[in-house]
Each structure stands twice: as C-alpha cells, then as structure tokens.
Amino acid sequence: MKKVVKITLIVVLALLCIGLASSMYVVEENEYAFVLRFNKVENIRKEAGLHFKIPFLDSVKTLPSNTLQYDLAPSDVLTSDSKAMSVDSYVLWKITDPMTFYKTVGSISEAQSRLDAATYNALKNIIGTITQDSIITASVEDGRTDLNVTIYEQVKELTDDYGITVSDVKIKRLDLPAENEAAVYERMISDRKQIAEKHRAEGEAEATKLRSEVDKKVNILISDAEAQAAVIEAEGESEYMKMLADAFNTKEKQEFYEFVRSLEALETSLDGNNNTIILDEDSDIVKTLMGLEN
C-alpha cells in the first residue's frame with residue numbers, strides 16, 4: 001500500500017512539474033512575445049523576463065522588437081532615357097505596432113517581401129525620372145543623398161500600415177549592369193510576370209474559396225426550404241384528412257364517399273379508346289347501373 005501511495009505521489013509531482021514548466025515562458029530583450037490561444041492573440045508581452053500562460057492551451061510566438069536590416073537583392077531599373085542601372089540597397093526597419101504587424105503581415109519573411117516590393121517600386125519610380133548621365137555624374141552631396149531621402153520617404157509611406165517603422169533606406173551601389181539593355185528588359189518582364197502569376201494564383205484560390213462558401217450556403221438554404229415545404233405539405237395532408245373525417249363521420253356518408261370514388265375510377269377507366277370494363281356482379285356500381293338493389 002505504501003508503495004502504491006509513493007508511486008502515486010511521484011506521478012502527481014511529475015504531472016505538476018510538467019504543468020508548471022508548460023505554464024512558463026521567457027521573454028528575451030528586444031523581442032515581443034505573442035500569447036496565442038487557438039491562434040487568437042490573447043496578450044502581447046514586451047517586458048523581458050519570466051511570464052506565465054495557461055498550459056496546453058496557450059502557445060507563444062516571438063518577434064524581434066529591435067531595428068533590423070534587410071539587404072535587398074540587386075535589381076535592375078530603367079532611367080528616364082530607358083537605360084538600365086543595377087541598384088543594390090538596404091532598409092533599416094523595426095516593428096513598432098506588434099498587433100497591427102501580426103494582423104497585416106504576420107512574419108518577418110512576409111515583411112521583407114513587402115519591403116522588397118515597396119523599395120523596388122520606389123527605386124523604379126524615382127530613378128525612372130532621372131537620366132543615366134545625371135545619376136553617373138551626380139556627387140554624393142548634390143545627388144545621391146537627395147535620392148536616398150526621396151526613396152526613404154516613399155518606402156516609409158508605403159509601409160506605414162503594416163505596424164512597422166522604416167528608419168532608413170540607402171543605396172549601397174548604383175552601377176551599369178553587365179548585361180545589355182534587352183537582356184535587362186527581358187529579366188524585368190520575367191520578374192513581373194512571376195509576381196503577376198503569384199497574385200493571379202492567390203486570387204483564383206480566394207475565388208474558389210468564396211464560391212465554395214456560397215455553394216455551401218445555397219445548399220443549406222435549399223435544404224431548409226425543402227424541409228419547410230415537407231412540413232407544410234404534411235400539415236396540409238393532415239388537415240385534408242381531418243376535413244374528410246369530419247365530412248364523412250357516419251356510415252351512410254362513408255358509403256356514399258366510397259361509391260362516388262368508385263364512379264370516378266370507372267369514369268377514368270373509360271377515358272380514351274378503351275370503352276370496355278369488366279366488373280364483378282356483386283359490385284355496387286353494377287347493381288346501380290343494372291337497377292338492382294344493394
């Protein structure tokens with residue numbers, strides 16, 4: 001008996017230890033901790049240290065709160081005189097509104113993808129207004145600094161709704177590409193086609209999802225309507241049978257009703273080219289037609 005009690009205590013202590021360990025989590029410096037319950041954000045911890053959650057129900061997802069640097073892959077853009085330039089740049093950014101970031105972006109990789117798109121659009125739009133000669137001959141003091149500031153302002157405006165703050169955008173290198181202009185142009189077309197195909201695929205997936213939801217709702221409405229129609233029909237038949245029962249509530253009325261139905265059946269049988277019918281001599285209809293008594 002003591003051995004059983006001892007084992008029970010050990011199991012209970014082990015379970016308590018597991019539950020206690022599952023209820024604790026640590027928030028590091030320079031990070032946000034999202035406490036999720038069934039993928040819904042219950043709380044966001046910004047203070048470093050030990051915190052508690054409901055074991056087995058809550059999960060924790062962390063995102064950095066410090067300034068991050070994202071190096072964009074070198075990309076090709078065209079100047080206002082349709083000459084290709086190769087641009088290598090980077091972006092400094094940080095998450096400043098974690099809830100908005102989680103709802104609109106959700107992950108660092110997706111944030112980098114959107115920063116990439118925003119920066120590329122800004123580079124394309126701004127450099128597309130400048131000639132290649134002006135870019136090559138401009139000094140840092142009178143040209144490149146202004147170019148960086150203008151690009152930074154556009155990127156910041158494009159990403160303000162994502163819960164992030166862009167602190168700087170810089171062009172590290174702006175050179176002539178090794179490929180010729182035609183090759184650069186074909187590459188740009190290919191890149192834009194890939195992005196267009198991605199958006200098209202996402203749109204088709206969303207459309208399929210919406211159509212599925214609409215079809216489901218239509219099927220539910222039809223099913224409910226058919227069920228309601230069946231109920232109304234059953235109620236009508238019940239009311240009809242009740243009316244018949246009330247109308248033919250004596251033996252004489254019932255016999256008259258049966259005789260009338262027999263005549264209707266006889267009339268239906270004699271319809272068309274078939275004018276011959278064989279009846280039993282004991283039939284009420286035969287006796288009536290022959291002038292016999294029942």
Begin with the C-alpha distance, continue with both residues' side-chain angles, and end with the deciding distance and a verdict on salt bridge (charged side-chain N to carboxylate O under 4.0 Å, His left out) for E213 and K216.
CA-CA 5 Å; E213 292 176 353; K216 180 180 178 181; over 6 Å; no

What do the steps show when you test Q69 against D71 for side-chain hydrogen bond (donor to acceptor under 3.5 Å, both in side chains), and what is the final call?
CA-CA 6 Å; Q69 178 174 324; D71 287 304; 3.2 Å; yes

Test V105 against I95 for side chain to side chain contact (heavy atoms under 4.5 Å, CB included), laying out the working first.
CA-CA 11 Å; V105 181; I95 301 171; over 6 Å; no

With side chain to side chain contact (heavy atoms under 4.5 Å, CB included) as the criterion, how do T131 and T79 come out once you've worked through the C-alpha distance, each side chain's angles and the decisive distance to 0.1 Å?
CA-CA 5 Å; T131 64; T79 60; 5.7 Å; no

Does E153 form a side chain to side chain contact (heavy atoms under 4.5 Å, CB included) with E157? I'd like the steps, not just the answer.
CA-CA 6 Å; E153 290 174 349; E157 182 179 357; over 6 Å; no

Side chain to side chain contact (heavy atoms under 4.5 Å, CB included) for Y120 and L72? Distances and angles first, verdict last.
CA-CA 9 Å; Y120 177 80; L72 283 76; 5.5 Å; no

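Checking side-chain atoms of N148 against main-chain N and O of I171 turns up a donor-acceptor pair under 3.5 Å. At distances below 3.5 Å, not a single donor-acceptor pair connects side-chain atoms of T165 with backbone N or O atoms of K94. In this structure a side-chain-to-backbone donor-acceptor pair under 3.5 Å is missing from D116 to Q112. In this structure a side-chain-to-backbone donor-acceptor pair under 3.5 Å is present from T208 to E204.
The distance from atom OG of S65 to atom CG of N30, rounded to the nearest 0.5 Å, is 5.0 Å. Note that the OG1 atom of T159 and the CH2 atom of W93 stand 9.5 Å from one another [nearest 0.5 Å]. With values rounded to the nearest 0.5 angstrom, M99 atom CE is found 4.0 Å from I44 atom CD1. To the nearest 0.5 Å, atom OG1 of residue T119 and atom OH of residue Y90 are 12.0 Å apart. The distance from the CD1 atom of I164 to the OG1 atom of T104 is 8.0 Å, given to the nearest 0.5 Å. Put simply, CD1 on I151 and CG on N121 are 12.0 Å apart, with the number rounded to the nearest 0.5 Å.
F34 and Y162 fall within a single hydrophobic cluster, where Ile, Leu, Val, Met, Phe, Trp and Tyr are joined by side-chain heavy atoms under 4.5 Å apart, directly or via other members. Two different hydrophobic clusters hold L158 and V149 under the rule that ILVMFWY side chains link at heavy-atom gaps under 4.5 Å. One hydrophobic cluster, built from ILVMFWY side chains closer than 4.5 Å, holds both M85 and I130. Y102 and Y32 fall within a single hydrophobic cluster, where Ile, Leu, Val, Met, Phe, Trp and Tyr side chains are chained together by heavy-atom contacts under 4.5 Å. Linking ILVMFWY side-chain heavy atoms closer than 4.5 Å, directly or via other members, places I195 and L115 in two distinct hydrophobic clusters.
A salt bridge between R211 and D215 is absent, with no side-chain N of the basic residue lying under 4.0 Å from a carboxylate O of the acidic one. Here E197 does not pair with K193 in a salt bridge; the nearest charged N to carboxylate O distance is not below 4.0 Å.
Annotation: E29, atom CD; neighbour count of heavy atoms from other residues, nucleotides and ligands within 6.0 Å does not exceed 12.
In terms of heavy atoms, F101 sits closest to S107 at CZ-O, 3.5 Å. A pairwise comparison of heavy atoms in T129 and S80 identifies C-CB, 3.7 Å as the closest pair. Closest approach of V155 and A118 over heavy atoms only: CG2-O, 4.0 Å.
Annotation: side chain of P98 is not in contact with side chain of L63 (no heavy-atom distance under 4.5 Å). Looking at T62 and E28, their side chains never come closer than 4.5 Å, going by heavy atoms from C-beta outward.
Not counting sequence neighbours, the partners of I222 by the side-chain contact (heavy atoms from CB on, under 4.5 Å) test are V218, E226.
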